[in-house]
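Just below is one structure, and these are the notes that go with it.
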Amino acid sequence: MAFNLISESSNGVTRITMSGELDASVAGQFKTAVEQAAENKPKSLALIMNDLSYMSSAGLRALVFAKQKMGAAIRIFVVGAQETVLETIEMTGFNHSVILLDAYDAAQIEG
Amino acid sequence: MAFNLISESSNGVTRITMSGELDASVAGQFKTAVEQAAENKPKSLALIMNDLSYMSSAGLRALVFAKQKMGAAIRIFVVGAQETVLETIEMTGFNHSVILLDAYDAAQIEG
Amino acid sequence: MATNTLTVPGNLESLKAVRDFVKHAATEAQLDKQSSYRLVLSVDEIIANIVIHGYDEAGLRGDIEVGFTVSPEHLRIDVFDRAVPYDPNLHRTPDNLDDPLENRPIGGLGVYLARQGTDDFQYEHVDGRNHNTFIVKRPPTTSDD
Amino acid sequence: MATNTLTVPGNLESLKAVRDFVKHAATEAQLDKQSSYRLVLSVDEIIANIVIHGYDEAGLRGDIEVGFTVSPEHLRIDVFDRAVPYDPNLHRTPDNLDDPLENRPIGGLGVYLARQGTDDFQYEHVDGRNHNTFIVKRPPTTSDD
Ligand SMILES: Nc1ncnc2c1ncn2[C@@H]1O[C@H](COP(=O)(O)OP(=O)(O)O)[C@@H](O)[C@H]1O
Ligand SMILES: Nc1ncnc2c1ncn2[C@@H]1O[C@H](COP(=O)(O)OP(=O)(O)O)[C@@H](O)[C@H]1O
């Protein structure tokens with residue numbers, strides 16, 4: 001399935017919902033969304049991945065980029081990632097630097 | 001997505017639910033299901049296609065086979081076919097010989 | 001020149017790989033969903049026939065090669081095989097499409113669907129190979145693409 | 001002998017076609033969902049690198065050829081390109097995987113993931129081409145298959 005991304009910011013939280021396959025050919029879209037969101041200086045970044053069926057290292061690189069653009073204090077939530085995508089996040093140790101959630105938890109993300 | 005088929009018969013109705021892609025490599029499974037169902041001498045055959053994303057002429061051939069095995073009096077319902085699959089059914093005139101339904105209608109199918 | 005070619009053994013297990021490849025070609029050419037589906041169906045029908053009638057029934061074995069080319073106005077799919085020579089254009093359009101199923105012979109629909117799904121369908125036999133060509137018009141490009 | 005080959009231009013738009021082709025190979029070899037995903041990821045990572053570092057950054061253009069072979073015990077994927085010679089096996093395994101992201105250099109993960117996703121990963125440079133080989137063990141066949 002083709003990659004699709006929707007970004008939305010409010011109350012210090014940027015929510016980026018991605019679906020389809022995130023590979024090197026579309027990672028630029030994710031990076032651009034992170035760059036635009038950084039202008040709002042959000043405290044939290046929530047990446048909603050329920051319908052993301054594939055993510056290569058190009059997606060991980062965009063996450064590192066987010067930390068760099070938004071500052072190390074930004075809290076990055078990865079919400080609803082599928083098992084295969086989760087495995088990649090864990091295999092590369094990114095689980096130490098993002099907060100993994102099964103479902104969107106407003107209290108935790110927006111609190 | 002891989003092809004999958006579930007067949008179930010009761011009260012003179014055989015329901016065959018298909019998902020994935022029905023091409024020449026798997027049409028034999030559909031034919032076998034029709035052959036087995038024919039032994040119950042059903043009055044109606046309901047083909048549930050909501051999750052069938054692809055059907056080639058191999059699927060149509062199995063429908064002709066069903067009419068031949070089950071007798072011309074058998075009522076064949078095609079339930080929930082996707083737009084693309086529907087177009088193939090209409091382009092080949094099969095809509096004159098089957099009853100197209102958006103959703104499973106017990107009154108009509110089992111009545 | 002950049003090449004897009006898929007070579008698969010001439011058996012029914014290869015159909016899925018060919019459909020994915022043609023879908024990819026349709027995406028590259030920006031065909032809409034309906035044109036893409038129809039083209040995939042066309043190629044799938046012709047290749048199923050090559051496998052069943054051209055290779056299997058004749059006791060032959062061989063590969064099938066599929067290529068695509070995107071030009072400004074068209075998407076073109078080329079299919080090559082070394083099975084029995086067969087020109088699908090010689091198969092006449094069925095005239096019994098509105099007949100009830102029970103009065104129809106099984107079959108004869110594949111080639112019909114294959115031709116319906118393209119804007120132009122060509123066949124030639126060259127150097128011992130069948131060469132089927134499927135041509136579909138691309139949507140007009142918008143200036144902000 | 002039956003051949004399964006995909007040839008695509010060395011650009012990022014080809015990645016999807018390659019993933020579909022490798023997925024098809026994994027299905028033929030009856031890999032489970034997880035092994036299939038990992039193998040697809042491996043090949044995707046290596047090919048993205050070939051396109052980005054091997055062709056684009058070097059100002060080169062060329063094709064990428066992908067083939068697969070199923071043997072009783074293994075699925076083998078072969079990738080050939082004519083880009084800059086590069087042996088991914090010379091890239092050392094990152095030792096900073098548990099560091100916080102902000103202390104890591106961007107990158108270096110692709111080759112690591114590629115190697116993790118296979119049981120054996122080989123590289124050779126032959127006749128002016130890079131040749132990457134990905135080997136994955138197949139599940140034991142059950143007698144009623
Ligand atoms: N590639 C081919 N090689 C040889 N014969 C073919 C080939 N394609 C089609 N045919 C012949 O044309 C007939 C019509 O094909 P088709 O429209 O697909 O219907 P069906 O395969 O259901 O009979 C086939 O039955 C076969 O005799
Ligand atoms: N095919 C290739 N050709 C040339 N250089 C490559 C190739 N693949 C990888 N490299 C080099 O190895 C480095 C590590 O690659 P990788 O692990 O994918 O991380 P990244 O691409 O994010 O830097 C690249 O930055 C590049 O310098």
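Note on naming: letters A, B, ... go to the chains in the order of the sequence lines (proteins, then strands), and numbering restarts at 1 for each one. Keep in mind the model is a prediction, meaning the values are calculated, not measured.
At least one side-chain heavy atom of A:Asp23 sits less than 4.5 Å from a side-chain heavy atom of D:Arg19.
D:Asn96 does not touch chain A: none of its heavy atoms, backbone or side chain, sits under 4.5 Å away. Residue D:Val51: no heavy atom, backbone or side chain, is found under 4.5 Å from chain A.
Closest approach of A:Ser97 to D:Pro100, counting heavy atoms only: OG-CA, 3.4 Å.
A:Glu87 CD to D:Leu113 CG: the interatomic distance, rounded to the nearest 0.5 Å, is 9.5 Å. To the nearest 0.5 angstrom, D:Asn11 atom CG is 9.5 Å from A:Ser25 atom OG. Distance CG/D:Leu41 to OG1/A:Thr84: 9.5 Å, rounded to 0.5 Å. Rounding to the nearest 0.5 Å gives a distance of 13.5 Å between CZ of A:Phe3 and NZ of D:Lys16.
Options A:Lys67, A:Glu21, A:Met91 differ in how many heavy-atom pairs under 4.5 Å they form with chain D, and the most are formed by A:Glu21. Counting heavy-atom pairs closer than 4.5 Å to chain D, the top residue among A:Thr92, A:Thr88, A:Asn95, A:Leu60 is A:Thr92. Chain A forms more heavy-atom pairs under 4.5 Å with one residue of D:Asp99, D:Ile47, D:Val40, D:Asp98 than with any other, namely D:Asp98.
Within a 6.0 Å sphere centred on CG of D:Asp32, other residues, nucleotides and ligands contribute more than 12 heavy atoms. Residue-environment remark: CD (A:Glu35) exceeds the threshold of 12 foreign heavy atoms within 6.0 Å.
A salt bridge is absent between D:Lys33 and A:Glu83; no separation between the charged side-chain nitrogens and carboxylate oxygens falls under 4.0 Å.
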